[in-house]
Trainee: 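Input: one structure, supplied below.
Chain A is the first sequence line, chain B the second, and so forth, proteins listed ahead of strands; every chain is numbered from 1. Computed from heavy atoms alone, side chains included, the values below leave out hydrogens, waters and symmetry copies.
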2 protein chains.
Amino acid sequence: MESRVGISVTLEVVCGKWKGLILWKLLQDESLRFNALRRSLDGNISSRILARELKQLMNDGLVERIDHQTVPPHVEYRLSSYGRSTASFLHAMNQWGIKHQEEMRAVQSYPGRTGDESTP
Amino acid sequence: MESRVGISVTLEVVCGKWKGLILWKLLQDESLRFNALRRSLDGNISSRILARELKQLMNDGLVERIDHQTVPPHVEYRLSSYGRSTASFLHAMNQWGIKHQEEMRAVQSYPGRTGDESTP
DNA sequence: GTTGAAACTAACCTTTTTGTAACTACTTGT
DNA sequence: ACAAGTAGTTACAAAAAGGTTAGTTTCAAC
């Protein structure tokens with residue numbers, strides 16, 4: 001047995017519409033407040049979703065919540081040192097994604113590829 | 001702007017319950033027939049789902065379908081040379097996943113982590 | 001003294017993803 | 001003749017993911 005499917009484990013942690021982006025942002029910005037992170041995420045993640053995503057990432061030990069115990073609240077989120085280890089695959093994913101975008105743009109010029117059946 | 005979010009592009013291609021695993025299998029086995037691939041995927045992917053996943057992967061240019069034009073049908077699936085480029089991040093993801101599993105096993109021994117609210 | 005911002009949470013609803021069961025056409029093995 | 005295997009597809013159902021709206025508490029600014 002050589003497979004082990006660590007892949008699935010990683011996907012469980014990183015999959016979905018936002019988790020990857022959140023990690024990526026935190027990898028760049030070091031520390032962000034809730035609403036700052038929210039606004040930095042390309043348009044429109046709702047606070048409900050962001051809160052839930054962060055909770056899950058904290059649960060996986062990747063993100064730390066620093067509550068300055070002030071009122072009105074001041075809370076920061078940052079990657080734990082363990083969280084920073086996700087850089088190992090996030091960088092690779094980012095690289096590939098950028099290349100893939102170009103690849104797709106090139107391929108789309110050619111007709112004859114079987115699109116998702118969009119003509120009913 | 002430094003981000004570019006290639007991450008999201010990659011996640012769109014690889015996310016979900018099966019796509020990552022399928023790529024991973026094909027990365028190891030070189031070429032697999034439909035039902036062989038199906039059976040190799042840890043239990044239970046339905047043929048409907050597998051067919052759709054493969055279709056999408058073909059659409060992204062990652063997987064090739066080789067139809068031997070016989071009856072009863074004999075069809076093989078394999079990664080395209082471009083598909084093999086996903087190895088760049090799949091290996092990293094697999095590595096991390098394996099480590100993460102161990103990490104999680106260690107952490108679960110400690111109480112005091114905020115689980116997904118499971119006590120109503 | 002009303003408004004806005006901070007960091008959320010709760011109730012509710014919609015969309016997307018995933019799964020189940022049955023069925024196609026054709027051949028090989030018993 | 002009948003079961004089983006090939007590579008799928010279709011119609012339907014369930015579950016998961018994502019989103020919307022409103023509301024909480026407290027302070028600072030206008």
Trainee: Can you find a heavy atom in the side chain of B:R39 that is under 4.5 Å from one in the side chain of B:N35?
Mentor: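 The answer is yes; the side chains approach within 4.5 Å.
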
Trainee: Between B:L26 and B:Y77, which heavy-atom pair has the shortest distance, and what is it?
Mentor: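 Closest heavy-atom pair between B:L26 and B:Y77: CD2-O, 3.6 Å.
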
Trainee: So do the side chains of A:S8 and B:L21 get within less than 4.5 Å of each other, counting heavy atoms only?
Mentor: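 When only atoms from C-beta onward are counted, B:L21 and A:S8 do touch, with a gap below 4.5 Å.
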
Trainee: Side chains of B:Y82 and B:D60: does their closest heavy-atom pair fall under 4.5 Å?
Mentor: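 Side-chain contact under 4.5 Å: no.
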
Trainee: I'd like to check A:L50 versus A:L54 (side-chain heavy atoms, cut-off strictly below 4.5 Å). Are they in contact?
Mentor: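 They are in contact (side-chain heavy atoms under 4.5 Å apart), so the answer is yes.
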
Trainee: Any chance CD of A:Q95 has more than 12 other-residue heavy atoms, nucleotides or ligands included, within less than 6.0 Å?
Mentor: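 12 or below, so no.
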
Trainee: Compute whether any side-chain donor of one residue and acceptor of the other, for B:T86 and A:W96, lie under 3.5 angstrom apart.
Mentor: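 A:W96 and B:T86 do not have a side-chain donor-acceptor pair below 3.5 Å.
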
Trainee: Can you tabulate the close N/O pairs, meaning under 3.5 Å, that link protein atoms to atoms of nucleotides 14-23 of chain C?
Mentor:
from: C:dT18; atom 1: OP1; to: B:K17; atom 2: N; distance (Å): 2.9
from: C:dT18; atom 1: O4; to: B:R48; atom 2: NH2; distance (Å): 3.3
from: C:dG19; atom 1: OP1; to: B:K17; atom 2: NZ; distance (Å): 2.7
from: C:dG19; atom 1: OP2; to: B:W18; atom 2: NE1; distance (Å): 2.7
from: C:dG19; atom 1: N7; to: B:R48; atom 2: NH2; distance (Å): 3.0
from: C:dG19; atom 1: O6; to: B:R48; atom 2: NE; distance (Å): 3.0
from: C:dG19; atom 1: O6; to: B:R48; atom 2: NH2; distance (Å): 2.5
from: C:dT20; atom 1: O4; to: B:R48; atom 2: NE; distance (Å): 3.1

Trainee: Minimum heavy-atom separation for B:C15 to A:G16, with atom names?
Mentor: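 Scanning both residues, the minimum pair turns out to be SG-N, 3.2 Å.
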
Trainee: Between A:H91 and A:W24, does the ring centroid distance fall short of 6.0 Å?
Mentor: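 Yes; A:W24 has its ring centre under 6.0 Å from that of A:H91.
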
Trainee: Whether the A:E76 and A:S31 side chains hold a donor-acceptor pair (N or O, under 3.5 Å, no angle test) is what I'd like checked.
Mentor: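 A:E76 vs A:S31: donor-acceptor pair found between side chains.
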
Trainee: Restricting to nitrogen or oxygen on both sides, can you table the protein-nucleotides 4-6 of chain C pairs closer than 3.5 Å?
Mentor:
from: C:dA6; atom 1: O3'; to: A:R33; atom 2: NH2; distance (Å): 2.9
from: C:dA6; atom 1: O3'; to: A:P73; atom 2: O; distance (Å): 3.4

Trainee: Which nucleotide of DNA chain D is the first, and which the last, in the 5' to 3' direction, to come under 4.0 Å of a heavy atom belonging to chain A?
Mentor: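 Range of nucleotides touched by chain A: D:dG18 to D:dC27.
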
